[in-house]
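Since the structure comes first, as structure tokens, the remarks are kept for the end.
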Amino acid sequence: MERRVVLLVLLLLGLVTTLPNQGDWDIYSFHINSTVTSRYATTVITSRVANRMDQSKEIEFHVRIPKNAFISKFRMFMDGEVYDGVVKAKEQAERQYTTAVSRGQSAGIVSSVGRTLEEFKTSVTVAAHKKVTFELTYEELLKRRLGKYELQIFARPMQPVKDFKIDVHINEDAGLKFIESKGGLSTKELANAITKTVTDKQAWVYFYPTVDQQKVCDSCSDDGLNGDLVIFYDVKREVSFGDIQTGDGYFVHHFAPSSLPRIPKNVVFVIDQSGSMHGRKMQQTRIALIHILSDLAEDDFFGLITFDSDIFHWKRELVQATSINIEQAKRFAENIQDRGSTDINRAVLEGTRMLNVHPREDSASILILLTDGDPTSGEINPQKIRANVKRAIAGKFPLYCLGFGFDVNFEILEKMSLDNNGLARRIYEDSDADLQLQGFYEEVATPLLTDVTMIYTGGSNLTQTNFSQYYNGSEIVVAGVITDNNIESFIPEVVAVSRNARVIFSRPNTTTESTVTAPVDRIQRVWAYLTVKQLLEKKLQLSGPEKDKVKKEAMDLSLKYNFVTPLTSMVVTKPPGEDSAVLNKPKEGEQPALPRGAGQLPALPRGAGQRPPLPGLAGQLPPLLGGAGQGYTHRISAPAGHPGLTASRQRFFSPAAHFDPPVAAEIPLLYNSAPKKVFLSRYTPDRATMMPYAPTTIPDTTTQAPQTQRFLLKPENMHFPICFDLPTNINVKILHLPSRGLAIKGMIGLKANGGFTHIFLHVQNDTSIEVDVDSVSVKEGETLTRYSEQTQITAGSVTVIIRDKEIDVSVGDVRLVILVHEISGRKFLWPVFRQMPQDDTAEGVFVFNNRDYEESATYMTTQPTISRIKVKGKEEEVLRDSAVDFSVPVPVSVECWFFFSAQSALQRPTTDLYN
């Protein structure tokens with residue numbers, strides 16, 4: 001008997017892996033679904049892979065994600081089981097990771113790649129003709145730069161994929177100002193695979209390339225797609241105060257006032273000209289500097305210093321950016337030569353002196369350092385350099401540090417910048433390094449406000465609230481907790497210095513509340529995301545007990561919200577199938593060899609090899625084939641939450657003397673209301689007969705199940721309908737027909753089995769409909785109309801009939817009736833399809849094929865009854881249970897076959913249903 005465990009540890013470190021032979025396996029589906037709500041993006045990458053060979057193969061999952069994102073979930077689906085990642089403290093996870101690698105077991109890892117992306121790789125051994133589904137979720141708060149937000153999605157499946165989809169949905173209550181798509185995946189014929197639909201507040205971008213199209217982008221080949229799809233957009237800003245979303249006791253404030261006068265600036269450039277800047281680095285620096293000088297406004301003042309072990313001034317004092325001075329400075333820049341060592345301390349202090357001796361009212365001062373190496377002359381102690389610079393600047397202006405290449409000590413640049421209200425940016429040694437330098441300068445070229453203070457009376461646990469400067473095209477984001485969730489006493493305001501005076505921004509009478517289409521915890525997660533990011537920055541600046549305290553706060557939040565950060569890692573323990581091989585591939589012709597004790601357990605001799613009784617079950621299990629019921633856990637799986645029911649699976653081994661090897665009994669443990677009952681069944685290795693055992697009572701130790709909504713589907717050839725649960729408070733895809741340009745989604749309410757609060761329909765390019773329990777809103781082009789009385793509406797190709805307690809919607813050959821139910825004074829919606837076309841591209845929670853379901857014989861009569869149902873030819877274990885049928889005007893309770901997960905019921909990951 002073998003016992004193997006695969007550990008997938010997500011670590012922000014580097015690892016060299018060997019690529020498998022990709023011709024041995026087939027990625028038959030690759031989906032990326034990204035939902036952006038109020039600048040917060042949640043992206044799910046789902047890859048479904050099949051091993052087409054007659055032997056086990058190592059299959060790789062290889063994706064790239066934005067560096068600013070936090071991975072929040074990783075799952076694998078194999079042989080009907082789901083293996084979830086658990087976020088742990090890095091030190092704890094790293095021990096498991098190191099142990100796994102030393103034993104020849106598989107591990108996954110996240111490492112940095114390129115300027116804006118991180119690379120996640122993992123591999124797993126899949127048995128012959130079996131499949132595996134990988135699912136990775138990451139979250140990020142989009143940052144506004146140069147007047148736009150950027151959502152970057154990278155795709156490199158390593159082979160053309162028949163079912164390849166990228167779906168992006170953007171929902172901005174403030175309204176969309178513009179949206180555009182760029183990137184490598186929008187070049188050549190791939191541009192024709194992108195469809196875009198935009199309304200006032202929402203946008204949908206679909207990227208569905210054919211197999212042939214996947215080979216013809218700028219970076220694509222016969223190996224398929226290799227590039228990014230980048231969505232740029234901005235929102236409307238009708239008030240200078242910005243917008244605040246609130247929900248569940250939290251708030252997020254986006255502040256980006258426009259139409260403000262620019263503030264003249266005083267800027268000093270401190271340029272490293274040491275020997276390591278030789279060649280292309282120095283050439284690109286000259287090009288960038290000359291361009292930047294050309295962009296200075298005439299009311300700006302500037303200074304230019306170069307340094308190695310000595311300091312070289314163009315002028316010893318700041319001068320005005322007149323055309324004559326600019327031309328002279330350009331000539332100086334053209335003649336900068338690399339030489340000598342690197343005295344960062346002296347150079348930065350000299351730049352600080354120049355700004356300090358040139359105070360100017362109604363202006364903003366900025367210090368920009370560009371270097372490519374460690375301090376090698378003068379003061380070289382990083383702590384003393386930081387202290388010297390911080391004391392000299394004294395909080396009067398920000399310091400921005402640009403680190404050129406990878407030889408630079410980027411950590412000291414980060415710390416110096418954070419000490420002085422700035423930021424550090426790495427400049428990559430590519431052909432466009434000069435454009436990177438110019439791009440950074442453009443971000444800080446136009447100050448609009450200084451000394452910005454964000455004040456929130458009635459708020460607590462705030463993220464950063466003081467900012468030295470606010471630049472045109474950027475955005476300040478603050479999140480926090482509303483004290484006692486009392487929105488009435490929550491008073492936000494912003495105090496800052498504009499060009500001519502002190503200004504106060506206050507909230508108008510109407511505020512933008514959190515959108516009903518977003519999960520309630522989204523605002524809380526934005527707060528957690530920002531808080532963790534800022535705590536990690538603060539940790540860089542501190543030492544001793546203060547650093548330990550901040551580190552613990554950041555780690556605790558990371559663990560609470562399941563964020564993979566530099567302090568945490570994610571571990572997934574996966575028992576592979578019986579035919580799984582050792583996960584480290586041997587060299588050609590070499591037999592796989594496991595280190596001692598790795599990945600297997602010795603066979604149990606007759607009557608020997610006893611394991612301790614299982615915790616919580618000791619002495620309570622009936623005899624198994626004459627044995628004592630003792631054994632060890634072989635496999636555990638947890639289905640999706642089900643009110644009043646949880647389940648797991650335990651495998652036991654009997655030490656019965658007349659069997660060799662011992663007989664296995666694989667036991668579903670079905671926990672009902674306390675006291676729990678355990679229903680046991682048994683089988684032998686050579687017989688498929690199942691024999692029920694009488695129920696045995698065990699103590700109640702389960703925790704409260706999560707709130708869920710139960711769904712019913714009614715295959716025609718089944719005795720009972722099938723049912724499954726999805727979590728509450730999520731958006732779910734009801735029906736998506738890309739071929740018809742029709743998308744229908746709904747928001748599941750907070751209450752268990754409480755139906756939908758809103759249903760949204762979007763048709764083609766210019767018609768969208770929102771249904772809530774009291775009204776129907778129709779948007780056609782730029783015209784938005786709200787209806788609350790019984791009427792008939794025609795909008796483009798859509799007909800809507802509002803009746804008492806139902807809304808009838810027809811779009812071509814699709815007819816949907818939305819019932820309005822009221823139970824205990826609470827109203828909710830339920831969609832019922834009266835007509836749905838047969839379309840292989842259709843997706844949604846109510847989309848199924850009658851031919852996919854086949855009822856097998858029930859093998860247990862003791863309640864609760866367990867059976868097996870074939871779904872698309874695959875047997876799934878189900879439980880006889882009940883559900884409320886909301887598809888009729890008066891809801892009734894009916895019996896159904898309950899699938900432990902929607903994934904099993906529909907044979908696709910539940911993330912395909914979320915929108």
Side-chain angles (χ1 to χ4, degrees), residues 33-37 165-173 175-176 179 181 192-208 231 233 515-517 731-747 756-773 775-788 791-803 806-820 829-847 912-915:
N33 190 307
S34 187
T35 301
V36 184
T37 304
K165 295 179 180 178
I166 294 178
D167 290 279
V168 177
H169 176 223
I170 298 172
N171 185 0
E172 294 287 353
D173 276 352
L176 291 169
I179 182 168
S181 55
N192 299 324
I194 300 174
T195 58
K196 184 167 57 179
T197 302
V198 183
T199 65
D200 182 44
K201 296 184 178 181
Q202 298 188 72
W204 293 261
V205 180
Y206 302 119
F207 177 62
Y208 294 177
I231 310 297
Y233 76 93
T515 172
V516 293
T517 60
N731 269 330
V732 67
K733 189 182 298 180
I734 294 174
L735 174 65
H736 181 208
L737 285 170
S739 60
R740 291 165 171 78
L742 174 63
I744 306 175
K745 65 177 182 177
M747 179 68 190
F756 293 85
T757 61
H758 290 71
I759 291 177
F760 306 87
L761 298 91
H762 184 77
V763 186
Q764 296 300 337
N765 295 322
D766 59 355
T767 305
S768 58
I769 297 168
E770 177 180 345
V771 180
D772 60 29
V773 295
S775 65
V776 176
S777 297
V778 177
K779 188 172 189 303
E780 189 174 11
E782 296 298 318
T783 304
L784 178 64
T785 310
R786 184 173 179 270
Y787 302 87
S788 56
T791 186
Q792 179 171 325
I793 309 154
T794 300
S797 60
V798 187
T799 300
V800 181
I801 304 173
I802 303 176
R803 304 189 182 97
E806 73 175 37
I807 296 94
D808 196 328
V809 183
S810 296
V811 187
D813 54 356
V814 176
R815 183 177 171 226
L816 171 68
V817 174
I818 301 173
L819 299 176
V820 183
L829 307 173
W830 196 262
V832 183
F833 283 96
R834 298 284 190 250
Q835 184 179 355
M836 186 187 298
Q838 292 295 322
D839 190 325
D840 292 338
T841 68
E843 295 180 322
V845 69
F846 293 102
V847 177
D912 279 7
L913 306 174
Y914 301 157
N915 195 9

>> Could you walk me through whether L816 and L735 satisfy the side chain to side chain contact (heavy atoms under 4.5 Å, CB included) test, starting with their C-alpha distance in whole Å, then the side-chain angles of each, then the deciding distance to 0.1 Å, before giving a yes or no?
In response: CA-CA 10 Å; L816 171 68; L735 174 65; over 6 Å; no

>> As a quick check of understanding, evaluate side chain to side chain contact (heavy atoms under 4.5 Å, CB included) for I818 and F756, giving each step before the final call.
In response: CA-CA 10 Å; I818 301 173; F756 293 85; over 6 Å; no

Could you check if a side-chain atom of [X] sits within less than 4.5 angstrom of a side-chain atom of [Y], using non-hydrogen atoms only?
X	Y	value
V820	L829	yes
I793	I769	no
E843	K733	yes
N731	T35	no
T757	D772	no
I759	P831	yes

> Does the side chain to side chain contact (heavy atoms under 4.5 Å, CB included) test come out yes or no for R740 and V811, once each step is laid out?
Replying inline: CA-CA 9 Å; R740 291 165 171 78; V811 187; over 6 Å; no

> side chain to side chain contact (heavy atoms under 4.5 Å, CB included) with T785: which residues, sequence neighbours excluded?
Replying inline: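 Testing T785 for side chain to side chain contact (heavy atoms under 4.5 Å, CB included), a comparison that skips the adjacent residues, returns T783, Y787.
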
> Among all residues two or more places apart in sequence or in another chain, which pass the side chain to side chain contact (heavy atoms under 4.5 Å, CB included) test with A193?
Replying inline: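 A193 satisfies side chain to side chain contact (heavy atoms under 4.5 Å, CB included) with F207, P209, Q213 once adjacent residues are dropped.
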
Grab the two heavy atoms, one from [X] and one from [Y], that are nearest each other, plus how far apart they are.
X	Y	value
S181	I194	OG-CG2, 4.1 Å
V763	S797	CG1-OG, 3.6 Å
E780	G796	OE2-N, 3.1 Å
V847	A842	CG1-O, 3.9 Å

Would you compute the distance between atom [atom1] of [X] and atom [atom2] of [Y] and round it to the nearest 0.5 angstrom?
X	Y	atom1	atom2	value
N171	K201	CG	NZ	8.5 Å
K779	Q202	NZ	CD	10.0 Å
I179	E172	CD1	CD	9.5 Å
S34	I166	OG	CD1	9.5 Å
D167	Y208	CG	OH	3.5 Å
R815	T799	CZ	OG1	11.0 Å

> Should L737 and V814 be marked as a side chain to side chain contact (heavy atoms under 4.5 Å, CB included) after you check the CA-CA gap, both sets of side-chain angles, and the distance that decides it?
Replying inline: CA-CA 10 Å; L737 285 170; V814 176; 3.7 Å; yes

>> Over 60° means perpendicular and under 30° means parallel, so tell me whether W830 and F846 are parallel, tilted or perpendicular.
In response: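 Plane angle over 60°, so perpendicular.
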
> Is the ring centre of Y206 less than 6.0 Å from the ring centre of H736?
Replying inline: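 Between Y206 and H736, the centre distance is under 6.0 Å.
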
> Backbone N or O of V817 within a donor-acceptor pair of the E806 side chain at under 3.5 Å?
Replying inline: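 Absent.
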
